[in-house]
Structures are given as C-alpha cells and as structure tokens.
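First comes the structure, then the notes that go with it.
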Amino acid sequence: MSSANPAAGGIQRPLTGNMLWLAALVLAAANFMVVLDTTIANVSVPNIAGGLAVSSSQGTYVITSYAVAEAIIVPLTGWLAARFGTVRLFVGSMLLFGLFSMLCGLAGSLETLVLFRVLQGLAGGPLMPMSQTLLLQIFPKQKAGAAIGLWSMTTLVAPIMGPILGGTLCDQASWPWIFYINVPIALGCGLLGWNLLKRYQSQVFKLRIDVIGLALLMVWVASLQLMLDKGKELDWFASPAIVGMAIVALVGFAAFLIWELTDAQPIVDLRVFRHRGFWASVLTISLAFGSFFGATVLTPQWLQAYMGYTATQAGYATAMSGVLAVMVAPIAAQLSSRMDPRKLVFCGVMWLGCVTLYRSFSTTDMGFWQVALPLLFQGLGMPFFFVPLTGLALASVEPAEVASAAGLMSFMRTLSGAFATSLVTTAWDDKANYNHAELVGMVDGGGDALRALTGGGLSNSAAWGTMEQMLQAQSIMLSTNQIFWLAGLSFVVAACAIWLAPRPSRVADTSQAH
C-alpha cells in the first residue's frame, strides 16, 4: 500500500517554539484518547451489562467490537492517507471518533452500543499511525527522538489511566460518561489540529484499493469474531448459526489468503511472512498479547462480580500493571539497540508468564495489595516484550516492506486481543459451571455445615442459600485460577517461540510501527 508523500510545494513555514509543542500535545492527546478507549471499558463491563440488562459475557462485545473494527481499518490507513491527505484523515477521524463516542453514550441497547463501538473503532484506527506520522513530520530530524518519546509515553500511560478513569466515572457518574469524556477532547483536538497542521497536508493521490481483499478480510474476521462471541449463547456447534459462521470464516479466510498472495496491490501484504524473523515475532506477539489482554479483561470482572470491589477499586488494581512499565520503558529501549533483542523478549515474556502463573493461586480472602502487587511487578516485563519485539519484527523484513509489516503486526496484535477476550470470557463461565457441578457432590456430605448454620439461627432455606453463595464463589475462584494458569502457559510458549527467529543483522526504523 502506498503511503502519502508530503506536498512538495504547498507547505508553509514549519511550526516552531510554543506552536510546535502545542501541535505535538494535540497529536499526543489524540493518540492518548484512542489507546485509552482500548482499556477504559474493561472495568466498565459489569456496569454496562447491568445498565443494558445483558450478561457480563455479552457486555464484553463492547470491547471486542471496537478491537476488531480497529484491526480491520489499520491496513487501510496508508490508502486513506494517500486518498484524503494525512491532515484531513487525522482531523476527520478525530471528529468522527468524537461523534461516535457521543452516540455510544446515548445507546439504549447492546445492539446499538456495539454498532456505534464498531464505527468508533473504524474512526479511531487511523489516529494512532497518523498521530505518529505527523509528529515525525512536524519535528525537525534532530528532535525526532523527543517526538517518538512523547508519542510512546502517551501509548504507555493511557492503558494505566483507562481502568482508573473508567472505574471512577462508573462509580461517580454512570457508564455513558466513559464515552462522553471523549467528545470535548475530540472536538478540541480536531479543530485545533486543523488550524495548526493544515500547512503539513500531504498530496492527494487516487490510488486503486483492493476492494475484494478488503471485503474478504471483513467477512472472515467478522464471522470468526461473531462465532466466538455467540458460541456459548447458542450452544456452539449444536447451533446451525454457529456452524454457518464457522464455514463462512474458514472459506473466507482461505479465499483471502489466495487473493492477497496473488493480487498485485494487496490490502494486506502477506508476502512479508516469508521472513522467518517476522512470522516468529508475530507468533510471539499474538500469543503473548492475547494472553495479556485476556487476563486484563478478566481481572476487573472477577474483582467486581465476586470479590466485592467497586469499579474504581478494580480500576486501581488493574492499572498497577502499567506503573513500573512506564518507568523501565526507557531502559528497555536502550538495551534493545545494544543486545540481542530475542534475549530481552524471552526474559520479558517469560516474566509475564511467571507472574501470571503465580496469580493462578489466588484465593477468595485476598486483600487489595495481594491482588495488586503481582500486577505491579508484572509491569516490569511489559516493555521488554513490546519494545524489542517491534524492532526485531521490522528488522527482519526488507526496508521497503517496513510499513506493510508494521500494519500487519498491529492488525494481528489487535485481533489476538479481541479473540482472546471472547475465548477467555466463554471459558471462564464454562469452567465455573463445571467446577460448580464437581464441588456440589463434595460439599457437606455429612450435613455438619448445614446443622451449624441452622443452629446459628438461620432458616433451612437461608442456610442452603449461604452454602450456595460460598460454592459459587469457590467455583468462580477455581475458574479464574484455571484461566490464569492457561494464560501463563501461553506466555511460556510465546517466550520460547521467539527463538524461532534468527538474530537480526540490522536495527530497524520503528517510526512506522504502531
């Protein structure tokens, strides 16, 4: 996919001084807002589910729909920038993001909320790469490091703030405010961004778009995600609808592969997978990010539904994973250029796996810090996973393929998070039901607990209700630990997978990664 080139003659005098930094803050705020929206809904799922009268597993559609839409639009960013210009694309995406955020808050049913989340994801997808591209364009080359540092900081801080802000807004106001908060930011950044950045508008080209490839991509991804989301609700392959979705996803994926590998200008350049270092890196990031995102989505649901946490408390606990990540990110960036990145990735992902395996021994009587401290220390491994892995993947492809490889890696990372969310929430419920059935036959065989409860003044029905609550809590706790155990094993497999990549022979330019 061709990228837009800066206009040769139409650019006015570049921004300097305070105006330059004001434009940088606008671009950073845009990136911050989009990344924030990937995590702000995590702690809000129980509130959204309660407000719209749906189950928590259905509430996670709010997360997966946004992620899938964002993943689908990312490969189109280059074409959109060439067709409309970089600044127009940025400003238009920003204003549409604000509009669809407002409509998300006004949604009165799950169906309309998911629809507007899809549109919000489609609008927000280009904002991350465009904010990074424009930052590098407006800053002089000698200050490019400062531009990337500012962009990277917003990317790291936003996931920390998401759960905290989401929890606080749900507790102090209501769940629609997690979307309303975007509206003034989007409007302000859009209008201010146009006034500051229109001098950097790129030339516009009428490029061919791979319509068939895009259609096939949307068909197989949407079918697979719907199958994963609706599988439990429709009793999986006992349902003709699920079987139909599976067939459409399989046939659509096969057709997509054939078309993209034979088309002259594919929307997704699958040929980059011929590089062993790239496919090994993508395999690693897909397994590791899926494990990380699945566990991150599960944690606040467990804490709020079964541990008595408010949305705010769950947000603070979940956000702990980003605190140390921000602090050690500069160290990871420096080490990535000085030593074999495979060692850093292996250590970082293995650390995430070990912490997640440790979390699989959680109990129902844990306090806040017993939950939060493992998440805090987990953050130590995150920069050593993301930063060197991006460099390794992009160093494995030809220089002309870097933009395509960066877009494809972002697509796979986002898609793996969406798929993992659906799989984790489904498996969590299924394992809880199985554990409940197993524990029923083991509880109070002699009737001692029942007699103790009734002897304490409870009626027979109240005593049975108390025992059922304890049984359900233990079933969920066992299920949560089992999911953490599987996620930990997935991290370990991902850590080992990085050794399939050869040692890179050069340092990649990661400015096009997002």
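Predicted model only: the values in this text are computed from it and were never measured.
- Using cut-offs of 30° and 60° for the angle between ring planes, the F289 and F292 rings count as tilted.
- Between L22 and L192, the closest side-chain pair of non-hydrogen atoms falls below 4.5 Å.
- Residue M366 places its CE atom among more than 12 non-hydrogen atoms of other residues, nucleotides or ligands, all under 6.0 Å distant.
- Residues L27 and L197 are in side-chain contact: their nearest non-hydrogen atoms beyond the backbone lie under 4.5 Å apart.
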Evaluate the criterion side chain to side chain donor-acceptor pair (under 3.5 Å) for residue pair S360 and Q482; output intermediate values, then yes/no. CA-CA 7 Å; S360 69; Q482 288 161 350; over 6 Å; no
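- Residue L217 holds its CG atom at 10.5 Å from CZ of F253, rounded to the nearest 0.5 Å.
- L375 CG to W369 CH2: the interatomic distance, rounded to the nearest 0.5 Å, is 11.0 Å.
- Smallest separation of non-hydrogen atoms from F179 and S101: CB-O, 3.2 Å.
- Between the side chain of D171 and the backbone N or O of A311 there is at least one donor-acceptor pair closer than 3.5 Å.
- We find the OH-OG1 distance between Y316 and T310 to be 10.0 Å, quoted to the nearest 0.5 Å.
- For the pair S362 (side chain) and R359 (backbone), a donor-acceptor distance under 3.5 Å is present.
- Summarising the geometry, atom CD1 belonging to I476 is positioned 3.5 Å from atom OH belonging to Y306; distances are rounded to the nearest 0.5 Å.
- Of the possible polar contacts, one joining the T414 side chain to the S410 backbone as a donor-acceptor pair under 3.5 Å is found.
- The number of heavy-atom neighbours closer than 6.0 Å to CH2 of W351, taken from other residues, nucleotides and ligands shown, is 12 or below.
- Listed by chain and number, the residues in a side chain to side chain contact (heavy atoms under 4.5 Å, CB included) with N195 are K198 (sequence neighbours excluded).
- Between F368 and Y309, the two ring planes are parallel [angle under 30°; tilted spans 30° to 60°].
- Within the 4.5 Å cutoff, the side chain of F385 has heavy atoms near those of the I285 side chain.
- L165 contributes atom CG, which lies 4.5 Å from atom CD1 of I40 (distance to the nearest 0.5 angstrom).
- The distance from the CE atom of M409 to the OG atom of S286 is 10.0 Å, given to the nearest 0.5 Å.
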Could you walk me through whether N31 and M130 pass side chain to side chain contact (heavy atoms under 4.5 Å, CB included), step by step? CA-CA 9 Å; N31 182 59; M130 282 299 97; over 6 Å; no
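- Counting all heavy atoms, side chain and backbone alike, S223 lies closest to V248 at OG-CG1, 3.1 Å.
- Annotation: side chain of L169 is in contact with side chain of I181 (closest heavy-atom distance under 4.5 Å).
- Between the side chain of T299 and the backbone N or O of A295, at least one donor-acceptor pair lies under 3.5 Å.
- Here the side chain of R117 pairs no donor or acceptor atom with the backbone of Y66 at under 3.5 angstrom.
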Verdict with supporting geometry, T356 and S291, side chain to side chain contact (heavy atoms under 4.5 Å, CB included): CA-CA 9 Å; T356 306; S291 304; over 6 Å; no
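- A 6.0 Å sphere centred on CH2 of W194 holds more than 12 heavy atoms belonging to other residues, nucleotides or ligands.
- Of the possible donor and acceptor atoms, one in the side chain of S321 sits under 3.5 Å from a partner among the backbone N and O of T318.
- Between F384 and the options L389, L352, V349, V328, a side chain to side chain contact (heavy atoms under 4.5 Å, CB included) holds for only V328.
- For the residue pair W236 and I242, the shortest heavy atom distance occurs at O-CB, 3.2 Å.
- More than 12 heavy atoms of other residues, nucleotides or ligands shown are found within 6.0 angstrom of OH on Y180.
- The shortest non-hydrogen separation linking W428 to I483 is N-CD1, 4.0 Å.
- Counting heavy atoms from C-beta on, the side chains of L115 and E111 never come closer than 4.5 Å.
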Go through V297 and I63 one step at a time and tell me if the side chain to side chain contact (heavy atoms under 4.5 Å, CB included) criterion holds. CA-CA 9 Å; V297 169; I63 299 171; 4.0 Å; yes
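- Looking only at side-chain heavy atoms (C-beta outward), V221 and F411 come within less than 4.5 Å of each other.
- Listed for the S479 side chain is no donor-acceptor partner under 3.5 Å among the backbone atoms of S475.
- Listed here is the closest heavy atom pair of S490 and L287: OG-O, 3.5 Å.
- With hydrogens and angles disregarded, a donor-acceptor distance shorter than 3.5 Å links the side chain of Q58 to the backbone of S55.
- Side-chain atoms of S422 and Q225 include a donor-acceptor pair closer than 3.5 Å.
- A 4.5 Å side-chain heavy-atom check between L357 and F484 finds every atom pair outside the cut-off.
- In this structure a side-chain-to-backbone donor-acceptor pair under 3.5 Å is present from Q370 to G367.
- In this structure, I73 and L80 have side chains that are in contact, with non-hydrogen atoms separated by less than 4.5 Å.
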Please walk me through it: do Q378 and M320 pass side chain to side chain contact (heavy atoms under 4.5 Å, CB included)? CA-CA 9 Å; Q378 177 180 271; M320 285 289 178; over 6 Å; no
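- For the pair Q313 and G308, the tightest heavy-atom approach, listed with the atom from each and the gap, is OE1-O, 4.1 Å.
- For the residue pair S109 and T112, a side-chain donor N or O sits within less than 3.5 Å of a side-chain acceptor on the partner.
- Although no hydrogens or angles enter the test, the distance criterion places no donor-acceptor pair under 3.5 Å between the side chain of S131 and the main chain of A28.
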